[in-house]
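This report refers to the structure that appears directly beneath it.
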Amino acid sequence: MTRTNGRDKEGKEREIRRACEAAPLNLATTPVGDQPSPAAPLTNPGVGSRAAMAGTVPKLAAPRPAAAGPLPSQSLRSAALAFAPSARRFRVSLAARARSPVIAMASAKEGNGAVTKRTTLHDLYEQQGQSPWYDNLCRPVTDLLPYIANGVRGVTSNPTIFQKAISSSNAYDGQFKELISAGKDAESAYWELVIKDIQDACKLFEPIYDETDGADGYVSVEVSPRLANDTQGTVEAAKWLHKVVNRPNVYIKIPATAECVPSIKEVIANGISVNVTLIFSVARYEAVIDAYLDGLEASGLSDLSRVTSVASFFVSRVDSLIDKMLEKIGTPEALALRGKAAVAQAKIANQLYLKKFSGPRWEALVKKGAKKQRLLWASTSVKNPAYLDTLYVDPLIGPDTVSTMPDQALDAFIDHGTVARTIDANVSEAEGIYSALEKLGIDWEEVGKQLEHEGVSSFKGSFDSLLTSLEEKGNALKTAANL
């Protein structure tokens, strides 16, 4: 990555650091800049917590909505550079140097003398090779800066996240009014609002993307949930989003429905990086891996190093459903297995990952620069308050994986998470739990199908609800303009 080393730039970055250290979680009034318009037209083709220890880094507050004003794109990158960790500090060591909760953090000085506070998130990546991502996005996007400073290395979004962000904030009103005045309909306006947020977030994470040579620093945006059962529509939507976002560190999210597994292969074959979402079973996960490998082989590219992917394997929702089934069975054996299904299945999925990304087929792709499709643990917040609030993070730590966390899980892990390699520990126990659940009548394939249906329906509901709200708001603006 090329950087300007002039005094003016260094002075500006020092000012940004000092201002953010003085009030690291109070960036709501910082405006977000307009990104350059993509060359392509925006036409959608298918469209239980422990107490915090004294002296620890404060819990991260959720972004606060605020009006967005103009700020040049380069300012976003300058701000991100000021927060981004240097490559030397993020040299991964897979040796497990921490076997107890790592909470109190030292401060490290960068070359320019600025102090960067360390958290368990830094140790998670440096010591165990797992990338912590943040499962949320809203305006002002610069609210992500303290998260980056605290060790977050990527962002995931989905239709529900944007529904909450846009419907609960006035930060989108100015751009929305301009779009409606320009004759855009509600859905076209929605995509322009989303694309701006994704572009701005990509700019903030670009230094991490550059320093890791494209291994990290991604921001994910999902195709329309209305296309979850439309193979070719999903392919066209993914191509369109990739083109209009026009950022190297964007992941296009595609659901792992039966209809969209072939879409994954075709999109990967077109050289587009993909976050495969809504994976709830080991069987479907294997189909997703095969689609990725098939896509790489079909791409015809001599250099595969810039085509990457993550497979988002959902965790807590599995326990939410299976726990209900176990309570209905009601035997002591069944009740004793509550809260164990999700992590057990995830550990088995990781064993499949190790198997599939080895051997002659994979080695042939590695010679062309191919990178493994990393497992991403999603749905990491605890739904049952009786469970430890790091239940879906602590047991799933290992190299070349990602854990995307919403605020609840992120706060909990920073506060009292344990940094230790756990993903391949007690695998035989996990297999025993998996088998015991089958013997009790739990059909893992049916569980996966039900959760997939619920996930797609939830995202569709959020998407449709937001479009209805935008249509109503747009009609009201048009009526007011005609008065």
Side-chain angles (χ1 to χ4, degrees), residues 48 96 99 128 130 256 278-289 311-357 374-405 408-409 412-413 417-455:
R99 293 297 175 184
Q128 301 302 332
Q130 183 173 82
L278 296 178
I279 304 173
F280 295 99
S281 70
V282 175
R284 184 55 54 84
Y285 174 47
E286 183 166 18
V288 166
I289 296 175
S312 295
F313 202 97
F314 280 58
V315 192
S316 69
R317 294 189 195 183
V318 174
D319 273 346
S320 295
L321 177 57
I322 290 183
D323 280 2
K324 292 177 183 177
M325 295 177 173
L326 294 172
E327 288 167 1
K328 189 174 181 180
I329 294 170
T331 63
E333 182 186 8
L335 297 177
L337 290 171
R338 288 177 297 180
K340 297 181 179 180
V343 170
Q345 183 181 224
K347 285 178 178 284
I348 291 171
N350 184 68
Q351 292 300 301
L352 177 63
Y353 161 85
L354 295 174
K355 177 183 176 182
K356 299 289 284 191
F357 289 100
R374 291 188 294 174
L375 261 170
L376 181 152
W377 308 120
S379 183
T380 53
S381 62
V382 173
K383 307 297 190 292
N384 187 336
Y387 296 161
L388 184 66
D389 52 8
T390 58
L391 174 62
Y392 302 114
V393 182
D394 282 353
L396 299 176
I397 296 174
D400 298 322
T401 57
V402 179
S403 181
T404 188
M405 296 171 266
Q408 177 216 47
F413 188 75
T418 302
V419 178
R421 179 165 175 163
T422 53
I423 185 60
D424 43 14
N426 304 315
V427 173
S428 60
E429 180 183 344
E431 292 171 341
I433 291 170
Y434 192 91
S435 297
L437 288 165
E438 287 182 318
K439 291 177 182 177
L440 287 171
I442 303 298
D443 186 327
W444 285 97
E445 185 175 351
E446 287 304 312
V447 167
K449 287 180 180 179
Q450 181 175 336
L451 289 171
E452 177 187 294
H453 174 76
E454 292 174 358

Could you tell me which non-hydrogen atom of [X] sits nearest to which non-hydrogen atom of [Y], and how far apart they are?
X	Y	answer
Gly448	Ser281	CA-CB, 4.3 Å
Gly455	Arg317	CA-NH1, 3.7 Å
Asp389	Val382	CA-CG2, 3.7 Å
Thr390	Gly417	CG2-CA, 4.5 Å
Ala349	Phe313	CB-CE1, 3.7 Å
Ala311	Val288	CB-CG1, 4.3 Å

Result of checking Asn350, Leu354, Leu352 against Leu375 for side-chain contact (heavy atoms from CB on, under 4.5 Å)
Asn350

Please tell me if the side chains of [X] and [Y] come closer than 4.5 Å, counting only heavy atoms from C-beta onward.
X	Y	result
Phe314	Leu451	no
Leu321	Val447	yes
Val393	Trp377	no
Asp394	Thr422	no
Ile423	Tyr353	no
Gln351	Lys347	no
Leu396	Val343	yes
Phe357	Asp400	no

Holding to side-chain contact (heavy atoms from CB on, under 4.5 Å), I want the full list of residues that pass it with Lys355, two or more places apart in sequence or in another chain.
none

Among all residues two or more places apart in sequence or in another chain, which pass the side-chain hydrogen bond (donor to acceptor under 3.5 Å, both in side chains) test with Gln345?
none

Pairing of Glu452 and Arg284 as salt bridge, 4.0 angstrom limit:
yes

Assign the ring pair Tyr434 / Trp444 to parallel, tilted or perpendicular, where the plane angle (0 to 90°) is split at 30° and 60°.
parallel

Pair Phe413, Thr380 - check side-chain contact (heavy atoms from CB on, under 4.5 Å), show working.
CA-CA 11 Å; Phe413 188 75; Thr380 53; over 6 Å; no

For the atom pair OG (Ser379) and CE (Met405), what is the distance rounded to the nearest 0.5 Å?
13.0 Å

To the nearest 0.5 Å, tell me how far Asp319 CG sits from Arg338 CZ.
11.5 Å

Can you check side-chain hydrogen bond (donor to acceptor under 3.5 Å, both in side chains) on Gln450 and Glu446, steps first, answer last?
CA-CA 6 Å; Gln450 181 175 336; Glu446 287 304 312; over 6 Å; no

Return all side-chain donor-acceptor pairs below 3.5 angstrom for residues 322-337, not counting sequence neighbours, or 'none' if the list is empty.
| from | atom 1 | to | atom 2 | distance (Å) |
| --- | --- | --- | --- | --- |
| Asp323 | OD1 | Gly339 | N | 2.9 |
| Asp323 | OD2 | Tyr387 | OH | 2.6 |
| Thr331 | OG1 | Ala334 | N | 3.1 |

Please tabulate, for side-chain N and O atoms in residues 435-442, each donor-acceptor pair with protein atoms closer than 3.5 Å (sequence neighbours left out).
| from | atom 1 | to | atom 2 | distance (Å) |
| --- | --- | --- | --- | --- |
| Ser435 | OG | Glu431 | O | 3.1 |

Applying salt bridge (charged side-chain N to carboxylate O under 4.0 Å, His left out), name anything that partners Glu429, two or more places apart in sequence or on another chain.
none

Name all residues meeting the salt bridge (charged side-chain N to carboxylate O under 4.0 Å, His left out) criterion together with Asp424; count only those two or more places apart in sequence or in a different chain, and write none if there are none.
Arg421

